[in-house]
Amino acid sequence: MAQPNSMIGKFFYRIWKTIDVAGRFLIGAIAIFLIIFMIRGCVKGPDLPTYDKGSALILAPKGILQEQLTHVDPIQEVINDAQGNQIVETAVADLVDALEYAKEDDKIKVVVLAPGSLAGAYGGISKYQDVRKALADFKTSGKKIISTADSYSQSQYYLASMADEIYMNPQGILLFEGMGRFRNYYKSLIDNLGVKINLFRVGTFKSAMEPYIRDSMSEAAKEANLEWLGDLWSAMKTEMAQSRGMDESKFDYFINNFPTLVKSADGDTGKLVLEQGFVDKLMTRGDFRQYMIDMVGMNEKKTTYKNIHFKSYLKAKRPLIDLAVGGENQVAVVVAKGTIVDGFQKEGTIGGDSTAKLIRKARMDDKVKAIVLRVDSPGGSAFASEVIRAELERAQSEGKIVVSSMGGMAASGGYWISATADEIWAQPTTITGSIGIFGMIPTFQQPANKIGIFSDGVGTTPFAGAFNPLKDIPEEVGGVIQDIIENGYDEFLALVAKGRNMTIAEVDKIAQGRVWSGIDAKRLGLVDELGDLNDAIKGAAKLANIEDYKVKFMKREMTEKEKFMKNFLDNAELTGSVKTLNSEIKANPMVKALTGEVKQIVDTFSNFNDPNHAYVHCMCEVK
């Protein structure tokens with residue numbers, strides 16, 4: 001800005017210049033401060049947590065148990081945390097590793113299991129079973145596991161039942177719900193909006209898109225869902241009963257007579273849970289704290305008992321960097337967790353290209369003798385699924401063993417990518433099958449017309465503008481899509497028949513989009529063995545004829561930017577400066593619920609990027 005000639009102009013010019021210089025100086029000072037802070041954070045190594053001999057390890061999972069944590073941009077993670085919108089997840093491997101370290105650690109005297117902030121598990125109950133197995137292994141050390149919570153949900157108690165002692169607040173409650181599968185249905189909303197759903201599908205039980213064409217669950221879907229839900233609930237009851245030394249019928253009695261039992265206890269649910277034998281003692285938080293002080297002693301600050309949280313414990317015990325896996329014989333593990341979509345994706349979503357790249361890296365490594373694909377997915381894009389499966393098949397053609405290990409769920413596309421493996425392992429409670437395919441394209445001609453928007457034009461062929469969302473799909477185009485979907489189903493059947501040594505007719509009989517539990521899948525021949533990831537790795541090594549081997553997890557390489565920002569934010573306390581970003585969504589539960597519902601719909605359709613509009617997705621997530 002040029003300096004003005006008038007006195008008034010010069011006066012305001014000097015004011016502006018002063019402010020401008022001051023502003024530039026302030027911005028420069030802040031920039032220099034941040035650079036120094038970043039450099040210090042990067043140069044200075046993290047302070048490793050310490051803990052006293054005889055401490056309690058606090059095992060307190062939060063949010064959703066996951067096979068693989070969802071990738072979140074570091075800056076966005078800070079903002080989400082300040083807004084209260086952060087993704088809260090706990091990796092199963094973190095809990096398992098902490099217990100494994102603690103088992104052999106003389107400084108850890110006892111594990112305190114605190115499941116009160118656990119919200120669920122992605123894909124079903126198999127992740128709880130993995131943690132339960134680790135808890136059982138820890139107990140072989142002779143050390144105790146003590147569980148404490150204000151109240152227990154069903155899933156929280158499922159873990160707590162492994163403890164030697166279970167304590168609950170006198171004002172608490174234990175609520176069993178059984179297993180259910182409930183979805184929201186939008187047909188009437190869609191009809192009211194005038195949106196047209198163009199659905200193409202194959203399979204009597206392929207109910208993934210029912211919420212968009214019905215207002216209720218179909219009888220076929222109810223039949224299939226009750227079948228696998230019953231298997232999961234039976235497994236959960238059996239395992240809890242065995243852990244507590246109770247008869248399984250006790251759980252059914254407690255649930256079926258809960259209103260009467262509460263009334264007979266005069267509404268005192270704490271007393272009821274204690275009398276029924278589900279907990280060992282009722283304790284307030286203060287009482288429990290004192291109980292633990294008496295057991296392990298008081299910490300240095302004299303505030304509570306000696307303890308270390310499992311996240312801090314892992315920082316103290318795990319290597320600071322991932323050590324290279326050595327050895328001439330290796331089993332590579334590729335994790336495929338989340339919805340399957342086309343292209344390159346980050347953790348939490350399975351990208352056809354990004355997952356195939358990891359498989360290719362393992363395939364081209366001469367030290368890798370077998371590849372284990374760890375699947376935890378409801379499916380997604382048929383095209384992306386085939387990209388992944390084809391890469392696995394190429395590894396097989398070059399002499400490598402390929403084994404699929406199914407986690408919480410491996411249905412639809414999750415089964416497609418597993419279908420031609422040399423061996424398929426599933427857990428008894430894995431949700432699998434759903435061999436079917438669909439395509440769906442919504443069009444918005446009617447609502448657009450209502451607000452005065454019309455689409456018109458000309459094209460040289462019937463396919464010009466065929467996928468314009470403001471026009472109906474031409475009949476001949478719809479026919480082409482249906483033909484593609486039916487061909488996709490035939491291809492799916494053929495792949496399964498080839499991989500499972502069955503006829504297409506035999507596969508079709510158990511396909512039709514129907515979901516099965518791992519137990520039924522083994523009975524039907526869809527899987528070979530029942531077991532967890534470790535069992536599958538051992539199975540892969542056996543097939544590869546190797547005894548002395550190392551396990552190598554294939555991971556996406558972080559970019560330099562991601563490494564820098566992660567290191568910086570791990571050593572910085574930035575959340576306080578953005579706490580004022582709390583939004584109305586956080587403060588208003590109704591707005592938050594509705595926003596979440598809309599986001600779920602948007603997220604579903606945003607992941608539909610298959611070039612042929614063909615999807616193998618079961619929509620059967622259990623969280």
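Values below: all heavy atoms of this structure, side chains included; hydrogens, waters and symmetry mates excluded. Quick caveat, the model's predicted, so the values are computed rather than measured.
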Backbone N/O of A221 and side chain of N225: donor-acceptor pair under 3.5 Å:
yes

Just so I know, are the side chains of K361 and V334 near enough to count as touching, which here means a heavy-atom distance under 4.5 Å?
no

Can you tell me if T284 and R289 form a side-chain donor-acceptor pair at under 3.5 Å?
no

Excluding sequence neighbours, so at least two apart, what forms salt bridge (charged side-chain N to carboxylate O under 4.0 Å, His left out) with K139?
D164

Which residues share a ring pair (Phe, Tyr, Trp, His ring centres under 6.0 Å) with Y158, sequence neighbours left out
Y128

From Q154 atom CD to K237 atom NZ, the distance as rounded to the nearest 0.5 Å
10.0 Å

Residues at least two apart in sequence or cross-chain that pass ring pair (Phe, Tyr, Trp, His ring centres under 6.0 Å) with F344, listed by chain then number, are none

Donor-acceptor contact present, side-chain K311 to main-chain D94, <3.5 Å:
no

Does the side chain of D130 come within less than 4.5 Å of D532's, by heavy atoms?
yes

From H309 atom NE2 to K315 atom NZ, the distance as rounded to the nearest 0.5 Å
10.5 Å

For Y185, the ring pair (Phe, Tyr, Trp, His ring centres under 6.0 Å) test, sequence neighbours excluded, returns none

Could you pull out all residues at least two apart from F251 that satisfy ring pair (Phe, Tyr, Trp, His ring centres under 6.0 Å)?
F176, F278

So which heavy atom on V341 is nearest to which on A384, and how close?
O-CB, 3.3 Å

Quick one: does any side-chain atom of D520 pair with a main-chain N or O of W516 as donor and acceptor, under 3.5 Å?
no

Modelled atom types, side-chain donor and acceptor of R285 and T148, under 3.5 Å
no

Quiz question: by atom type and distance under 3.5 Å, do the side chains of Q129 and T429 form a donor-acceptor pair?
yes

Say whether S404 and E423, considering side chains only, have a donor N or O and an acceptor N or O under 3.5 Å apart.
no

Using side-chain heavy atoms (C-beta onward) and a distance below 4.5 Å, is Y415 in contact with V375?
no

Any side-chain donor near an acceptor of the partner, Q66 and E89, under 3.5 Å
yes

Check whether the side chains of R244 and S161 place a donor and an acceptor atom closer than 3.5 Å, and report yes or no.
no

Ignoring hydrogens and geometry beyond distance, is a side-chain donor-acceptor pair present between Q345 and S354 at under 3.5 Å?
no

Just so I know, are the side chains of Y152 and P115 near enough to count as touching, which here means a heavy-atom distance under 4.5 Å?
yes

Would E67 and R374 pass as an ion pair if we require N to O under 4.0 Å?
yes

With sequence neighbours left out, the residues meeting side chain to side chain contact (heavy atoms under 4.5 Å, CB included) with K317 are Y51, Y101, D105, Y313

Reported CG-to-CG distance for the pair L174 and L272, which is rounded to 0.5 angstrom:
9.0 Å

Would you check if the side chain of S405 reaches a backbone N or O of W425 as a donor-acceptor pair within less than 3.5 Å?
no

Classify the ring geometry between Y291 and F288 as parallel (under 30°), tilted (30 to 60°) or perpendicular (over 60°).
tilted

Heavy-atom check, side chain of I64 versus side chain of V88, under 4.5 Å
no

Between P49 and S312 the two heavy atoms that sit nearest each other are CG-O, 3.3 Å

Got a donor-acceptor contact below 3.5 angstrom from the K127 side chain to the Y122 backbone?
yes

Could you verify whether a donor N or O on one side chain and an acceptor N or O on the other, from Y305 and S55, lie under 3.5 Å apart?
no

Keeping the roles fixed (side chain from T90, backbone from K62), state whether a donor-acceptor pair exists under 3.5 Å.
yes

Non-hydrogen side-chain atoms of I166 and Y157 separated by less than 4.5 Å
yes

